[in-house]
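A quick write-up on the structure given underneath.
Proteins come first, then strands; the chains are lettered A, B, ... in the order of their sequence lines, and each starts at number 1.
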Amino acid sequence: MLAGYEVLDARGSSDNSLIGSCSLDKSVMMWNVSTGEALRKFRGHAARVNCVAFNEESTVILSGSVDGTVRIWDLRSRNKEPIQVLDEAKDAIMTVGVSAHEILTASLDCYTRIYDLRNGQLVSNCVGESVTCASFSGDGQCVLTSTMGSSVRLMDRETGELLSQYTGHLSKEYKVESCFTSSDTHVMSGSEDGYVYCWDLVQASLTNRLEHTGSRVVHSLSSHPSQPFLLTASLGQVWLWSNQPNNTENT
Amino acid sequence: MSDSDEEDSAYYGTPLEELDEDEVRARKAPRIEDQFVRDKQGRRRFHGAFTGGFSAGYFNSVGTKEGWTPSTFVSSKGQRATNVQSKPHDFMDEEDMAAHGISPQGIQTSANFDDSEQMKRKRVLDPSGPIPGTPVLEDILRPSRETMGMKLLRHLGWRPGQGVGPRISRHQKRSSRKEKERMHGCQGPRGSIEDSDSGSEGDETHMQDVTFAPDDVDTLCLTRPKVDQFGLGYKPLDRTSVLGGHINLFDPSPLVMTEKKKKLLIKGQAFGVGAFEEDDEDIYATEDMSNYDFGEERKSAGQRGGENKDQSVMAMHGLVEMIEGFRLSSQPQHHHKVYPAPILPQDFLPQHQPRRRRFERKESEMRGLGRHDMTAEQRAKSLVDQSKTIVEVRSGVKGEPQGLSKCNKSKSVENTFDVDKIFEEFKSSTTKLGSDFKPFAKDAEKQRRYELYLRMKERGQKDRFYLAQPKSMTEWEREREIREFSKAAKLFQPLTSTMANRFTSAVLKDSGPVLKDGLNTNIPKVEPVTDESEVDALGHNVADERVKAAKMNMFGKLTQTSVDWYPNRLLCRRFNVPDPYPESSFVGVRKSKREKFSIFNLLNAPVEDTAGLQETSSTSQEKEETAEDENLVDKQENFGLKVPVDGPPTMDLFKAIFQDSESDSDGDDEKTASVKIKEEESSSDDTQSEKKNSSSTKNSPRPLNEHTFASEMNFSDGMFAATASKNLETVKEKKEDKEITDESLAIKKPDGQRVRISRFEPKRDDPTSQPECLPKPVFIHRRKDPAASEVPPAKGIFANIDFEALNSYRNITATSSQEQTSSATENVEENIGKNKKTDSDSSVDSEDEYGPPVPVHLKNRLQMIRSAPPTTTALVQKLGEKQDTITKHKSWVEKEPKNKSSKKHKHKDKHKYKKEKKKKKDKKNKKHKERKKKKEHRQLNRKDSSSSNSDSSDSD
């Protein structure tokens with residue numbers, strides 16, 4: 001039903017009426033949720049598109065690509081050109097995150113970049129290793145970065161200082177994602193050994209390992225915005241975890 | 001008649017008015033053509049078919065005599081146009097307004113007393129219609145007002161619902177009903193009849209003398225004519241009635257002037273009354289759902305009696321309801337036999353598989369039994385037992401006699417061994433292949449051969465390549481492959497530094513290009529490559545330090561950088577954020593650092609810190625010079641002005657070089673006019689910036705040339721060294737020379753890199769570039785001089801190209817060839833005056849710049865320059881006089897032979913500056929003493945000399 005190529009990322013809009021997806025064919029597609037039909041197709045990236053993200057009001061969609069650019073597409077107008085192209089990164093963009101007025105990009109060139117729209121500032125932080133995933137914490141004060149060097153770091157958003165570091169998992173080869181839990185008390189990360197690692201945010205101690213039996217790599221995970229649920233994806237499988245025991249569902 | 005008769009008779013009614021006889025005579029019966037239909041207001045609305053038909057306005061037109069004028073939008077300062085909402089009565093006639101209750105404009109008789117209705121024409125009924133007689137609806141829809149006839153009938157005792165006529169007995173009535181039933185068959189209306197006499201059979205005897213009014217004439221209830229285009233039996237509901245709302249015509253809403261598209265949108269029903277319409281009132285009547293009968297009761301009522309027997313049949317056929325006017329056919333319909341669908345093959349995929357690429361072959365299109373998938377070699381192997389000879393003929397190797405290439409197994413093994421040897425031989429080649437690009441990556445063997453080809457090419461052993469090609473290839477295939485390789489090599493040759501700057505280099509090095517699947521980025525953990533683009537003032541690599549700091553977990557200030565970022569205004573609006581830079585229209589990040597190494601910013605970069613060209617080889621001449629000046633540490637110091645050791649050249653230096661030219665430019669203009677022309681012609685092959693350079697050349701100061709010409713030299717061949725050594729013999733003023741070299745010590749670049757001090761220095765595009773003495777081009781980032789930045793940018797596709805940078809390789813060759821030119825100058829000096837060449841010749845010379853080097857041609861030009869004919873013009877004569885100064889001056893020049901060769905326009909400059917040279921020579925001693933002083937003082941010296949130059953030009 002969807003694109004003819006491998007879809008690398010998809011997000012839903014804030015009003016759940018749209019789905020934005022990006023795929024290997026260098027394009028970003030918009031889908032109508034109710035009818036399932038493709039609404040728009042944005043072309044312009046020079047390479048495959050790794051990630052997409054809506055802004056809070058879902059008036060624009062941002063797409064990060066292997067060509068090192070983030071393109072911001074307008075959903076309110078019929079403009080086929082991007083509003084702006086963020087081409088500061090020197091390597092592939094792996095993740096794009098959006099807060100109310102900030103755009104967070106993680107790039108393989110070892111940098112995370114925060115574009116602050118309100119202050120007109122671009123703050124780039126060198127992490128020293130290729131960054132595969134970066135996300136804002138719930139309060140927007142911290143940035144969680146996953147790197148290829150098998151470590152997850154909690155950085156201060158303002159100063160770029162290292163607040164905490166979480167290790168133990170394995171991330172050397174794949175785009176392994178990390179996330180906060182809904183209550184910001186724990187940090188979760190996928191791993192290439194078939195587990196999802198869960199650390200305490202403050203103590204940085206490993207509290208839990210969620211085993212994905214039969215899976216080698218758990219590359220993607222996402223926590224419920226308000227409730228203690230976790231959605232993980234391993235090869236060909238999607239797992240839903242909850243904090244109640246014996247409530248794990250597997251699709 | 002008598003009076004009594006009149007008295008006896010009684011008068012009924014009102015007598016007609018007595019007509020005047022004259023009037024009767026005068027009035028003729030109106031002819032048909034004179035009779036017109038007029039409306040209530042007496043206006044003529046109907047015309048003949050040939051004169052316009054129905055007319056609603058002014059003579060079949062609309063509006064007034066002038067026609068209908070659309071309203072115009074007028075808005076002035078005093079009277080602002082207001083948004084006028086059109087109302088329905090703007091589009092209505094006055095009489096219609098009154099009819100619809102809009103502000104009654106006159107007294108009108110009410111409908112009850114209005115008898116004008118009686119004058120209404122009756123619709124002419126078409127007797128040939130499907131139903132004879134009056135329309136059915138006319139009987140059903142009666143006017144609510146009683147007609148006069150009804151009133152009269154009422155007076156006579158008639159009641160609605162009864163028939164008219166003499167009263168009849170019950171028996172008669174029943175018989176007449178039966179007869180009627182027989183006439184209409186089962187379809188007659190019978191509900192009311194049966195209701196009235198049901199259960200009254202018993203008391204028939206009691207009512208013998210009771211008479212009844214006859215039945216009313218039956219309303220003809222036949223099948224309704226089909227007037228719509230819907231399917232049979234389909235009863236659409238009126239849309240307006242479904243919506244159920246009362247359509248208020250007089251609200252402004254139905255008539256909306258939508259402002260955006262200026263489109264008059266009229267919603268609601270059309271208004272107006274047709275000519276034969278019964279009345280106006282019903283048109284706007286609202287209908288509600290009660291007017292329609294839905295529901296099953298009608299069906300049950302209608303499907304009684306005879307139709308009941310059909311029910312079972314219908315049920316048998318799966319029908320539910322019989323459409324009105326239809327009945328079941330007696331013969332069953334013939335059913336088509338349905339055959340089962342064919343069984344699909346097991347491996348059938350109900351999915352279209354599109355081709356990704358146009359030339360990709362489908363699997364099904366692969367021919368035959370797979371033998372075409374085999375390479376020629378494989379086929380040969382499979383065939384080797386059966387038909388060796390055929391294979392041999394086909395795979396005959398070039399250069400090998402047919403007999404030798406007998407393809408037995410041992411031979412082939414030997415061959416492969418040879419091939420491997422060749423590969424081994426060239427594999428050891430240390431030179432890295434120019435590009436990582438693998439044009440034949442699909443075919444590993446071919447790629448291997450291609451790499452071998454590249455290596456062979458590098459060593460100049462291309463001819464041996466055929467040995468590496470597999471025996472199975474035909475000669476044609478071999479040639480084609482070689483051609484293909486040479487093309488690919490050309491196409492994918494390593495990018496020059498200028499081109500490479502247009503691409504972003506990876507931050508991390510990839511170790512292997514293995515890409516397993518979409519998620520596997522396969523980026524290994526490698527030390528980040530040093531990022532050239534971010535180098536701070538101290539020369540340290542900032543990015544590197546950042547990475548180091550990050551590795552040491554020293555996050556914070558060391559790893560964080562913050563720059564201004566200008567978001568797009570629209571983006572701010574979409575994010576509901578005020579624009580942080582409302583006054584700026586710039587978008588993105590100001591990329592001063594990144595652009596530093598872009599090819600594009602070479603266009604506007606200042607001249608300072610110019611690297612120019614690098615020396616590629618030292619020459620024996622240099623060695624000799626160093627031998628002479630033992631106190632010199634660096635042999636590079638021998639040549640002219642150097643950059644001070646401590647850091648980049650100061651601004652004073654460049655001011656000294658470039659500023660004082662203005663003072664003598666005025667005086668020079670006239671004299672150098674012809675030279676200018678030449679120069680411009682010679683530079684016509686290059687870009688505008690080049691032209692600018694040439695024009696700046698003419699303005700550059702005279703004394704500077706002497707010690708800035710040769711700030712960098714390129715001696716690439718021994719033949720120049722010979723010339724140079726010859727020049728050395730003629731050194732006359734050794735003392736001065738030392739002074740110069742001492743001076744030159746002062747200005748030197750820290751890294752030993754020469755600085756191009758003179759703007760025009762590397763600009764020499766001498767046509768006499770000799771390929772055999774081409775130095776290996778080395779590209780160095782060089783900034784353009786400020787003069788060039790003032791040049792209006794090139795248009796079109798050349799807009800972004802730095803011709804200077806692109807031509808830099810030519811400058812090197814020009815330098816070397818200039819060497820030759822200068823040496824030629826020495827040789828030809830004695831021939832001065834022999835050749836009489838005109839200026840036009842010289843211009844032709846300079847136009848031939850891309851041609852092969854012609855020594856004779858060069859000589860001619862040199863001779864021309866030296867022997868500028870005194871006979872042509874006064875101007876040229878002046879230049880001719882200057883020849884002497886050159887020869888005199890030569891002693892100084894020869895001390896630094898590279899000075900001479902370093903300038904492209906040297907010869908032309910000679911013309912230009914002849915006069916000044918003469919003057920300057922007198923002052924030379926003084927000047928050199930001054931040079932010993934500090935660098936800061938040099939500017940003053942320049943000004944001195946330039947002023948003296950201007951003096952000299954004035955004196956000329």
Can you say whether [X] sits under 4.5 Å from chain B via the side chain, the backbone, both, or neither, judging by heavy atoms?
| X | result |
| --- | --- |
| A/Ala100 | backbone |
| A/Ile72 | side chain |
| A/Glu158 | backbone |
| A/Ser99 | backbone |
| A/Glu56 | neither |
| A/Leu86 | side chain |
| A/Arg76 | both |
| A/Val176 | neither |
| A/Asp156 | neither |

Give the minimum heavy-atom separation between [X] and [Y], together with the two atoms involved.
| X | Y | value |
| --- | --- | --- |
| B/Asn568 | A/Ile83 | ND2-O, 2.9 Å |
| A/Asn55 | B/Arg574 | ND2-O, 3.4 Å |
| B/Pro567 | A/Gly120 | CD-CA, 4.3 Å |
| B/Tyr566 | A/Gln84 | O-NE2, 3.1 Å |

Would you say the side chain of [Y] lies within less than 4.5 Å of the side chain of [X], judging by non-hydrogen atoms?
| X | Y | answer |
| --- | --- | --- |
| B/Leu571 | A/Leu117 | yes |
| A/Leu122 | B/Ser562 | no |
| A/Asn119 | B/Trp565 | no |
| A/Arg118 | B/Phe575 | no |
| A/Glu57 | B/Asn576 | yes |

Counting heavy-atom pairs under 4.5 Å with chain B, which one of A/Gly160, A/Ser220, A/Gly68, A/Ser107 comes out on top?
A/Gly160
CG/A/Asp74 to CG/B/Leu570 distance, rounded to the nearest 0.5 angstrom?
5.0 Å
Candidate pair A/Val127 and B/Thr559, rule side chain to side chain contact (heavy atoms under 4.5 Å, CB included), full reasoning
CA-CA 7 Å; A/Val127 188; B/Thr559 57; over 6 Å; no
Just wondering, more than 12 heavy atoms not from B/Glu583 lying within 6.0 Å of its CD?
yes
